[in-house]
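All remarks here apply to the structure that follows.
Nothing here was measured: the structure is a model prediction, and the numbers come from that model.
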Amino acid sequence: MTEGTISTAAEGSDTLTRLEQEGEIAADYLEGLLDIADLDGDIDMDVEADRAAVSIISDSARELQKLVGRDGEVLEALQELTRLAVHRETGDRSRLMLDIAGFRAKKRTELAELGAKAADRVKSTGEPVKLDPMTPFERKVVHDAVAAAGLRSESEGEEPQRFVVVLPA
């Protein structure tokens with residue numbers, strides 16, 4: 001092994017360790033929150049796409065809907081609070097993703113389909129397609145789906161009315 005290879009492997013290991021630590025801090029924070037709210041749920045931690053991913057799952061997903069809220073608004077707020085808790089412990093900005101009762105996983109599937117359909121429409125008409133305003137998470141999923149379809153996309157507008165425009169190749 002060369003020195004560069006060893007350095008790269010060490011950096012990857014350090015990143016994985018840091019992300020696992022973020023997940024553990026987030027899990028502790030969320031367990032405390034579940035206790036306060038008197039809600040049952042199991043915490044699942046993973047590392048996906050260079051970010052910590054934490055999920056709260058339960059046999060009674062309906063009970064966890066309180067933590068998702070309308071259109072995921074409560075989930076977004078809890079994600080930000082969890083990121084702040086991680087930041088407080090580590091001193092580093094966190095890009096942690098939180099999912100509750102599979103809400104984000106389901107949303108990711110729906111958005112990927114939306115992005116693919118918009119890309120198909122652009123391919124057939126040759127005209128750009130503007131989508132409705134979305135959160136940063138939602139826009140990222142759509143951008144990835146459009147790129148997978150071989151097209152490009154851009155975000156336009158100002159928050160909270162920022163939206164994706166799918167463009168011809």
Side-chain angles (χ1 to χ4, degrees), residues 1 3-115 133-148 153 155 157-164:
M1 271 195 184
E3 187 175 310
T5 306
I6 294 169
S7 173
T8 302
E11 286 174 13
S13 176
D14 288 348
T15 299
L16 181 61
T17 301
R18 181 181 51 78
L19 293 174
E20 287 172 343
Q21 178 190 17
E22 281 187 23
E24 289 173 15
I25 293 166
D28 289 344
Y29 176 78
L30 292 165
E31 282 176 5
L33 191 105
L34 289 173
D35 286 344
I36 291 168
D38 195 29
L39 294 171
D40 290 326
D42 295 321
I43 310 266
D44 183 35
M45 297 178 294
D46 201 1
V47 174
E48 299 173 0
D50 292 333
R51 59 172 55 180
V54 179
S55 300
I56 301 175
I57 53 177
S58 174
D59 292 336
S60 173
R62 184 176 181 163
E63 184 174 295
L64 292 179
Q65 288 304 314
K66 299 171 190 172
L67 298 178
V68 174
R70 187 176 47 116
D71 296 326
E73 290 173 342
V74 176
L75 171 59
E76 289 288 335
L78 288 174
Q79 177 175 277
E80 287 307 309
L81 288 171
T82 305
R83 286 177 174 176
L84 286 171
V86 170
H87 181 264
R88 185 185 66 224
E89 292 288 322
T90 65
D92 295 326
R93 181 179 172 271
S94 174
R95 295 178 48 234
L96 174 132
M97 289 295 291
L98 175 63
D99 191 7
I100 299 174
F103 177 83
R104 273 200 207 276
K106 180 180 174 196
K107 189 78 166 174
R108 183 178 284 124
T109 301
E110 292 170 358
L111 290 165
E113 290 173 7
L114 174 68
M134 299 178 189
T135 67
F137 161 76
E138 294 169 336
R139 291 193 308 270
K140 169 81 170 101
V141 174
V142 172
H143 285 306
D144 290 348
V146 170
S153 57
S155 291
E158 298 293 323
E159 294 292 352
Q161 296 300 313
R162 199 153 167 81
F163 58 94
V164 173

For [X] and [Y], work out which heavy atoms get closest and say how close.
X      : Y      : result
Gly41  : Ile56  : CA-CG2, 4.3 Å
Gly23  : Ala52  : N-CB, 4.1 Å
Pro133 : Pro160 : CB-O, 3.9 Å

Would you call Glu138-Arg162 a salt bridge at under 4.0 Å N-O? no
Does Arg18 pair with Asp14 as a salt bridge, N-O distance under 4.0 Å? no
Any chance you could measure [X], atom [atom1], to [Y], atom [atom2], to the nearest 0.5 Å?
X      : Y      : atom1 : atom2 : result
Leu81  : Leu33  : CG    : CG    : 8.0 Å
Glu24  : Ile43  : CD    : CD1   : 12.5 Å
Leu64  : Phe103 : CG    : CZ    : 13.0 Å
His87  : Arg93  : NE2   : CZ    : 9.5 Å
Lys106 : Leu111 : NZ    : CG    : 11.5 Å

For [X], I'd like to know if atom [atom1] has over 12 heavy atoms of other residues, nucleotides or ligands within 6.0 Å.
X      : atom1 : result
Lys107 : NZ    : yes
Asp38  : CG    : no
Glu158 : CD    : no

Report yes if some heavy atom in the side chain of Met97 is under 4.5 Å from a heavy atom in the side chain of Phe137; otherwise report no. yes
May I ask you to test the Val142-Met134 pair for a side-chain heavy-atom distance under 4.5 Å? yes
Counting only N and O atoms by type, is there a donor-acceptor contact under 3.5 Å from the side chain of Arg104 to the main-chain atoms of Leu98? yes
